[in-house]
Amino acid sequence: MIIEEIFTSNLPVGEKLAIKRARFESTEINDNKKAKRISIVSGIHGDELEGQLVIYLLADWLNKNSEKLRGIVDLYPAVNSLGVDTITRGFPLYDVDLNRAFPGSAQEFLPGQVVHALANDVRGSDIAIDIHSSNIFLREIPQIRINKEFSKDTLPLAKELNCDFIWIHDAVTVLEATFSHTLNSMGTKTLVVEMGVGMRLTKEYGNQLLIGILNLMKKEGIIECEENFDVRVPFSSEIGDVFYLNAPRSGLFVPALDHCAIIKEGNKIGDIVDPLSGTILSTLFAPNDGILFTLREYPVVYEGSLIARIFGEKSGKN
């Protein structure tokens, strides 16, 4: 393993910003054959920590199984290291969302320099995985979000990652400034994983995604091992609709179902209650059969707050 700084910048009061990469490379790479390379990125948003756990678990596996490596694995655990240190989503002082600043350039302000350095360093990878968490308000089951524009190349890879749901979405303008869109446009097959909740770690999700990454690496010849990684078959939005459930009233949301539940139309999702009067202000029901893949984590809600997202079979109701 080699740890390198891919970007540095002097900060006030004698401090230094450094973005680091850990590289695991097989000692058996044949000079006559290009080794496959995968890059795992997390921490573009400073308040999203689930990816750091996944990268730790993967680095630990690679340290213990170095003889099984047949390619190159690059790990970028904390791209927005200042945001991680200050528990903020954006890039501190500049109030910039790094995932809306790509591709950046060496001549831009500091956030633009950071994303430019990352994109250039990851460029040339065969595959990249960008791991995100939800915010503090919502919990997401492990899912992969794919831009429809690149789905022909990325969907087969997504099915190997042991996630519960694959959400194929249409491109919108803002996505062109994201890491995934930039790297896909550069020719690196890039997947976005969303899972867990902001500022927290979900150990079972971390282990679930680790198995998926190892499975994908084995299928792509980046590792060679006898282990068979048992992965789940994901639901895919290719054959269904996503239904949104928003709060009709302000109050305290009390869920009635577990996250990732398979539900039927009319199942109770939860109540919005008023603690002061001891009354139920509104009861929320599933609008369709499907899988509950997003559920409100933070209980205080206001009218219009997102409570849940449900993926289900296409319906004539919408």
Side-chain angles (χ1 to χ4, degrees), residues 1-4 6 19-44 51-52 54-77 79 102-103 117-132 142 144-147 149-163 166 178-193 206-231 234:
M1 176 185 63
I2 300 174
I3 296 177
E4 296 179 309
I6 67 163
I19 311 302
K20 296 181 180 180
R21 176 198 69 202
R23 169 165 289 184
F24 293 80
E25 187 170 2
S26 171
T27 58
E28 299 182 14
I29 291 177
N30 188 331
D31 291 336
N32 297 322
K33 183 179 179 182
K34 181 179 179 294
K36 279 199 171 183
R37 175 184 168 206
I38 186 170
S39 293
I40 316 294
V41 175
S42 83
I44 288 178
Q52 290 205 36
V54 175
I55 286 179
Y56 159 73
L57 294 171
L58 179 57
D60 180 58
W61 190 94
L62 291 168
N63 280 324
K64 295 173 179 175
N65 297 274
S66 59
E67 75 283 358
K68 300 174 183 177
L69 186 59
R70 296 294 180 268
I72 300 171
V73 182
D74 283 339
L75 306 179
Y76 306 79
V79 174
F102 285 90
L118 176 66
N120 275 357
D121 203 71
V122 176
R123 185 176 191 168
S125 301
D126 297 279
I127 301 168
I129 300 174
D130 179 21
I131 306 174
H132 289 263
I144 302 167
R145 299 184 180 180
I146 293 176
N147 189 320
E149 179 182 352
F150 305 109
S151 61
K152 181 179 178 181
D153 291 328
T154 56
L155 183 57
L157 302 177
K159 292 178 179 178
E160 304 294 341
L161 272 180
N162 198 33
C163 288
I166 299 173
T178 64
F179 171 80
S180 61
H181 191 283
T182 298
L183 266 295
N184 273 306
S185 299
M186 289 178 173
T188 293
K189 299 173 184 178
T190 305
L191 302 167
V192 176
V193 175
N207 284 296
Q208 179 180 335
L209 184 56
L210 170 67
I211 294 300
I213 292 173
L214 292 174
N215 178 65
L216 177 60
M217 287 167 56
K218 181 178 180 180
K219 292 289 179 66
E220 293 295 313
I222 298 170
I223 60 173
E224 184 178 303
C225 58
E226 295 181 358
E227 292 100 319
N228 290 317
F229 302 106
D230 187 20
V231 299

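Just so we're clear, the structure is a prediction, and the values are computed from it rather than from any experiment.
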Completion exercise
For V122 and A128, the nearest pair of non-hydrogen atoms, with its separation, is CG1-CB, 4.1 Å

Problem - Nearest heavy-atom neighbours spanning A35 and G71 - result: CB-CA, 4.2 Å

Problem - E25 and R37 ion-paired at < 4.0 Å - result: no

Practice task
Working to the nearest 0.5 Å, report the span between CG of D121 and CD1 of I6.
Solution key: 4.5 Å

Practice task
For the residue pair F150 and S185, establish whether any side-chain heavy-atom pair is separated by less than 4.5 Å.
Solution key: yes

Practice task
Taking the side chain as every heavy atom from C-beta outward, state whether I146 and I166 have any pair of such atoms under 4.5 Å apart.
Solution key: yes

Handout entry: Sub-4.5 Å side-chain heavy-atom contact between M1 and I3
Key = yes

Practice task
Kindly determine whether T154 and T190 satisfy side chain to side chain contact (heavy atoms under 4.5 Å, CB included), including the steps that lead there.
Solution key: CA-CA 7 Å; T154 56; T190 305; 5.9 Å; no

Exercise for the section: Mind checking the CD1-CG spacing from I38 to L58? Nearest 0.5 Å is all I need. Expected result: 8.0 Å

Problem - Heavy atoms from other residues, nucleotides or ligands near NZ of K68 exceed 12 (cutoff 6.0 Å) - result: yes

Exercise for the section: Consider only side-chain N and O atoms of R70 and S26, and report whether a donor and an acceptor are under 3.5 Å apart. Expected result: no

Handout entry: All ring pair (Phe, Tyr, Trp, His ring centres under 6.0 Å) counterparts of F179, not counting sequence neighbours
Key = F102

Problem - Main-chain N/O of S180 paired to T182 side chain as donor or acceptor, under 3.5 Å - result: no

Side-chain polar contacts of residues 206-215 - donor-acceptor pairs under 3.5 angstrom, sequence neighbours left out - could you list them?
residue	atom	partner	partner atom	Å
N207	ND2	K203	O	3.0
Q208	NE2	N162	O	2.8
Q208	NE2	D164	OD2	3.0
N215	ND2	E160	O	2.9
N215	ND2	E160	OE1	3.0

Problem - L69 side chain near I222 side chain, heavy-atom distance below 4.5 Å - result: yes

Practice task
Please say whether more than 12 non-hydrogen atoms of neighbouring residues, nucleotides or ligands are located less than 6.0 Å from CZ in F229.
Solution key: yes

Problem - Residue pair I129 / L161, side-chain heavy-atom distance below 4.5 Å - result: yes

Problem - Closest contact, heavy atoms only, S151 versus P156 - result: O-CD, 4.0 Å

Handout entry: Flag side-chain contact, heavy atom, 4.5 Å: I19 against L118
Key = no

Problem - Salt-bridge criterion met for K36 and D126 (N-O under 4.0 Å) - result: no

Exercise for the section: Can you see which heavy atom on S42 is nearest to which on I55, and at what distance? Expected result: OG-CD1, 3.7 Å

Exercise for the section: Go through the steps for R23 and V73 under the test side chain to side chain contact (heavy atoms under 4.5 Å, CB included), then give the verdict. Expected result: CA-CA 6 Å; R23 169 165 289 184; V73 182; over 6 Å; no

Problem - Sub-4.5 Å side-chain heavy-atom contact between N65 and L62 - result: no

Handout entry: Heavy-atom side-chain contact between F24 and N63 under 4.5 Å
Key = yes

Exercise for the section: Please name the pair of heavy atoms, one in P142 and one in C163, separated by the smallest distance, quoted to 0.1 Å. Expected result: O-CB, 3.5 Å

Practice task
Quick one: pull up CG in N147 and OG1 in T178 and give me the separation to the nearest 0.5 Å.
Solution key: 7.5 Å

Completion exercise
Between I44 and H132 the two heavy atoms that sit nearest each other are CB-CE1, 4.3 Å

Practice task
Show the numbers, then the answer: is there a salt bridge (Lys or Arg N to Asp or Glu O under 4.0 Å) between K218 and E227?
Solution key: CA-CA 9 Å; K218 181 178 180 180; E227 292 100 319; over 6 Å; no

